[in-house]
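See structure below.
Heavy atoms only: backbone and side chains are in, while hydrogens, waters and symmetry mates are out. Counting starts at 1 for both ligands and their atoms, in listed order. Everything numeric in this text was worked out from a predicted model, so none of it was measured.
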Amino acid sequence: MALQDIRARVAQAEQAAGRSPGSVTLIAVSKVQPLDRVVAALEAGQRVFGENYVQESAGKWPDLRARFPDVQVHMIGPLQTNKAKLALDLFDAIHTVDRPSLAEKLARLVQGQGRCPGLFVQVNTGAEPQKAGILPEAADEFIARCRGMDLPLQGVMCIPPEGEEAVPHFRMLAQIAARNGLQGLSMGMSSDFEAAIAEGATHVRVGSAIFGARSYA
Ligand SMILES: *Cc1c(COP(=O)(O)O)cnc(C)c1O
């Protein structure tokens, strides 16, 4: 497993960007990976993980949390409104607040329970029709709307279009965060996390470079 190597590269990229050590959270994206690889990462000291599917997480993380109580699991995949309640029980952060109906549902659920995961607004920086996320030109209004519902927003998140230079998307996301007074920048994956750190990422989501290729079979 390449975890130590990726950690070293994150630390190097922090230093190269003049950022303090530990300012970037490495999210190890463990979706559809065999359990033994996830346990190996936990045993190597990794404590922050990313998942895309509510069902898969529900089958995996309650047991792992019992063994590793200080673990944090971040939801980074699309979230159906009817799974929002389960998601609040399962996750320490949700990076994919991407539409008003989901924000409203989360706000209602959170009111009743007084505890809320860290929330990131997903921005569709490439305005791709098939991709989730708020369009860049609608982001400010949506962020204000979430705040109006008392949702505690931590930051913004993006997935740049495949096959395009990612840096302009990282910059656009950083600008949206800055002008809305948000600290969190969830951006950068296996192929571009160093570039994302140079552009200010606070959370990088790295899967295959840590665990190896995913097999969906
Ligand atoms: C799967 C996934 C990742 C990890 O992708 P890798 O290329 O394997 O690092 C990161 N972010 C999101 C939103 C994902 O769905």
Sub-4.0 Å atoms of ligand 1 with respect to non-hydrogen atoms of Asn52
14 (C), 15 (O)
Below 30° counts as parallel, above 60° as perpendicular, anything between as tilted: where do the rings of Phe120 and His95 land?
parallel
Give the intermediate values and the outcome of side-chain contact (heavy atoms from CB on, under 4.5 Å) for residues Arg7 and Gln46.
CA-CA 10 Å; Arg7 278 196 188 144; Gln46 178 66 27; 3.5 Å; yes
Contact atoms of ligand 1, heavy-atom distance to Ile159 under 4.0 Å
13 (C)
Regarding atom 8 (O) of ligand 1: of the candidates Gly188, Ser186, Gly50, Ser208, which has the closest heavy atom?
Ser208
The single option from Asp92, Ile27, Leu64, Val38 that satisfies side chain to side chain contact (heavy atoms under 4.5 Å, CB included) with Phe49 is Val38
Starting from atom 10 (C) of ligand 1, locate the nearest protein heavy atom and write down its residue, its atom name and how far away it is, to 0.1 Å.
Met189 SD, 3.4 Å
Out of all atoms in ligand 1, which are within 4.0 Å of some heavy atom of Gly207? Include the element for each.
4 (C), 6 (P), 8 (O), 9 (O)
Quick one: look up the protein heavy atom nearest atom 12 (C) of ligand 1 and list residue, atom name and how far away it is.
Ile76 CD1, 3.5 Å
When you compare the side chains of Thr81 and Arg99, does any donor N or O come within less than 3.5 Å of an acceptor on the partner?
yes
Taking NZ, NE, NH1 and NH2 as the nitrogens, is one of them in Glu56 or Lys60 under 4.0 Å from a carboxylate oxygen of the other?
yes
Nearest protein heavy atom with distance in Å, relative to atom 11 (N) of ligand 1:
Arg205 NE, 2.9 Å
Is Val206 in polar range of ligand 1, meaning some N or O pair under 3.5 Å apart?
no
Derivation of the side-chain contact (heavy atoms from CB on, under 4.5 Å) call for Ile159 and Met189:
CA-CA 9 Å; Ile159 309 169; Met189 316 195 342; 4.2 Å; yes
Residue portion contacting ligand 1 (non-hydrogen atoms closer than 4.0 Å) for His95
neither
Identify the closest protein heavy atom to atom 9 (O) of ligand 1: which residue and atom is it, and at what distance?
Ser190 OG, 2.5 Å
Starting from atom 2 (C) of ligand 1, find the nearest protein heavy-atom neighbour and note its residue, name and distance.
Lys31 NZ, 2.5 Å
If we ignore hydrogens and angles and just use 3.5 Å, is the side chain of Ser186 paired with the main-chain N or O of Val156 as donor and acceptor?
no
Ser20 versus Glu14, side-chain donor and acceptor atoms under 3.5 Å
no
